[in-house]
Amino acid sequence: MSFIRSLIHLLWMSITVIPYTLLILLVRLFGGSPAARWTIARAWLKLSVDSAGWFCGVKYRVQGMENLPTDAQQGVVLLCKHQSTYETFLMPAIMPRALAYVFKKELLSIPFFGWSIGSLDMIHIDRKHGSRAFHKVVEQGKRLLAQGIWVIMFPEGTRVARGEVGEYKTGATRLAIMTGVPVVPIAVTSAKCWPRKSFVKKPGVVDVSIGPMIDSTGRKHEELMAEVQNWIEAEMRRLDPEAYSSTSHSTAA
């Protein structure tokens with residue numbers, strides 16, 4: 001039954017992405033603002049999240065919204081745990097500001113979905129270009145953050161399995177320090193319901209915990225990222241202790 005529900009959800013997303021993408025492209029063609037295009041894209045992302053609940057029983061629960069800035073002009077860099085595709089849809093659906101993802105340019109070639117994100121004000125990079133790619137992140141990031149748009153990055157770089165810790169790279173904290181904005185750590189237990197390499201989604205609740213803002217002024221990128229990692233991973237263990245119990249036992253042994 002879970003397979004059938006997951007298939008229905010995939011088909012739902014595959015069908016609904018088409019009219020939303022065409023609308024985004026039309027708005028862009030006729031000179032619509034980035035904000036208008038974002039509003040359309042966010043509506044589809046929220047629909048995808050909601051439909052995961054309708055078809056697959058995947059719900060979410062958020063805590064820590066009070067930790068987000070209320071000043072419309074305050075930029076932040078959001079640093080999110082990455083276990084699943086789910087949080088890439090969920091973060092825009094729950095955040096009170098427009099977000100700009102930093103993502104690899106290969107995603108642009110995905111029909112409809114890639115065309116949509118390519119029409120939004122986000123930062124796509126070619127990882128093969130190394131330092132030039134990071135220069136683009138900083139250049140575009142400064143512009144977006146100055147507009148009050150929040151940049152969101154997954155510091156582990158790729159999805160990690162439930163209960164595992166990836167390598168936290170410092171690009172996001174370097175961006176925050178260079179642009180003078182705070183960072184906000186976010187823990188997400190999405191792999192409980194939507195594992196990274198599994199087509200089948202399981203009913204359950206994904207917990208999202210938004211941590212306190214951390215000032216980047218005068219910080220070094222390595223120690224700032226270490227603080228972010230420590231908060232996220234401690235919070236992951238609090239939210240999903242079952243996933244880390246075997247690790248804890250082996251460590252204790």
Side-chain angles (χ1 to χ4, degrees), residues 1-30 32-62 78 80-95 98-127 152-154 156-162 186 188-208:
M1 182 60 72
S2 293
F3 178 86
I4 295 174
R5 289 176 178 272
S6 299
L7 180 60
I8 292 172
H9 182 236
L10 176 62
L11 291 173
W12 172 264
M13 291 195 299
S14 300
I15 293 169
T16 56
V17 72
I18 296 173
Y20 280 91
T21 296
L22 294 176
L23 184 56
I24 289 171
L25 295 176
L26 279 173
V27 170
R28 182 181 183 182
L29 179 64
F30 288 101
S33 68
R37 285 176 256 149
W38 168 258
T39 299
I40 300 166
R42 183 183 182 276
W44 179 76
L45 293 167
K46 188 175 187 308
L47 178 64
S48 297
V49 169
D50 290 343
S51 62
W54 304 336
F55 300 126
C56 304
V58 179
K59 308 293 185 180
Y60 63 89
R61 177 170 52 205
V62 184
L78 305 176
C80 186
K81 182 72 177 179
H82 197 19
Q83 292 188 326
S84 168
T85 303
Y86 187 72
E87 55 266 17
T88 62
F89 294 167
L90 180 62
M91 290 301 114
I94 65 175
M95 288 296 164
L99 303 183
Y101 278 102
V102 178
F103 63 91
K104 58 185 180 182
K105 71 170 189 176
E106 288 80 2
L107 295 180
L108 297 172
S109 62
I110 300 175
F112 294 103
F113 178 80
W115 306 341
S116 292
I117 60 176
S119 298
L120 302 176
D121 209 354
M122 296 192 181
I123 307 169
H124 57 272
I125 59 172
D126 187 339
R127 290 177 174 175
I152 181 168
M153 299 178 72
F154 299 116
E156 291 164 292
T158 189
R159 293 170 292 173
V160 297
R162 185 183 180 193
I186 303 174
V188 185
T189 64
S190 55
K192 288 194 299 182
C193 301
W194 190 332
R196 62 173 181 153
K197 292 183 178 180
S198 175
F199 171 77
V200 177
K201 304 167 187 69
K202 307 172 186 176
V205 177
V206 174
D207 279 296
V208 179

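The figures here come from the full heavy-atom set of this structure, side chains too, leaving out hydrogens, waters and symmetry mates.
Taken to the nearest 0.5 Å, the CZ atom of Phe154 stands 10.0 Å off from the CG atom of Leu78. Of the inter-residue distances, the one linking Leu23 atom CG with Ile40 atom CD1 reads 3.5 Å to the nearest 0.5 angstrom. Going from atom OG of Ser51 over to atom CD1 of Ile8 covers 11.5 Å, rounded to the nearest 0.5 Å. To the nearest 0.5 angstrom, Cys56 atom SG is 9.5 Å from Leu7 atom CG. A distance of 14.5 Å separates CZ in Phe113 from CD1 in Ile18, rounded to the nearest 0.5 Å. Here CD1 of Ile152 is found 9.5 Å from CE of Met122. Values are rounded to the nearest 0.5 Å.
Side-chain atoms of Pro92 and Trp38, non-hydrogen and from C-beta on, do get closer than 4.5 Å to each other. Taking 4.5 Å as the limit, some side-chain heavy atom of Ser190 sits within range of a side-chain heavy atom of Gln83. When side chains are defined from C-beta on, Val49 does not count as touching Leu45, because their heavy atoms never get closer than 4.5 Å. The closest side-chain heavy-atom distance from Arg162 to Thr189 is not below 4.5 Å. Inter-residue side-chain proximity for Glu87 and Ser84 is flagged as met; some heavy-atom pair is nearer than 4.5 Å. Looking at heavy atoms from C-beta onward, Met95 lies in side-chain contact with Ile186 at the 4.5 angstrom threshold. Side-chain contact between Leu47 and Trp12 is present, with at least one heavy-atom pair separated by less than 4.5 Å. In this structure, the side chains of Leu99 and Met91 come closer than 4.5 Å at one or more pairs of heavy atoms.
Taking all atoms of both residues into account, the shortest heavy-atom contact from Arg196 to Val160 is CD-C, 3.7 Å. Contact detail for Trp115 and Leu25: the closest heavy-atom pair is O-CD2, 4.2 Å. In this structure, Arg42 and Ile94 approach most closely via the heavy-atom pair NH2-N, 4.3 Å. Annotation for Cys80 and Val188: closest pair SG-CG2, 3.6 Å, computed over non-hydrogen atoms. Considering every non-hydrogen atom in both His9 and Ser48, the closest pair reads NE2-O, 3.1 Å. For the residue pair Thr16 and Tyr20, the shortest heavy atom distance occurs at O-CD1, 3.0 Å.
Judged purely by distance below 3.5 Å, without hydrogens or angles, the side chains of Ser119 and Arg28 pair a donor atom with an acceptor atom.
Seen from the ring of Phe199, Lys197 does not count as a face-on cation partner, given the 6.0 Å and 45° thresholds.
Classified by interplanar angle (parallel below 30°, tilted 30° to 60°, perpendicular above 60°), the ring pair Tyr86/Trp194 is tilted. Ring pair Phe89/Trp44 is perpendicular by interplanar angle, where above 60° counts as perpendicular and below 30° as parallel.
With Ser33 contributing its side chain and Ala36 its backbone, the two residues share a donor-acceptor pair below 3.5 Å. Arg37 contributes a side-chain N or O that, together with a main-chain N or O of Gly32, makes up a donor-acceptor pair within less than 3.5 Å.
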(request) Walk me through it: do His82 and Thr88 pass the test side-chain contact (heavy atoms from CB on, under 4.5 Å)? (result) CA-CA 9 Å; His82 197 19; Thr88 62; 3.9 Å; yes
(request) Given side-chain contact (heavy atoms from CB on, under 4.5 Å), test Tyr101 with Leu120 step by step and report yes or no. (result) CA-CA 10 Å; Tyr101 278 102; Leu120 302 176; over 6 Å; no
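A salt bridge links Lys192 with Asp207; the closest basic N to acidic carboxylate O contact falls under 4.0 Å.
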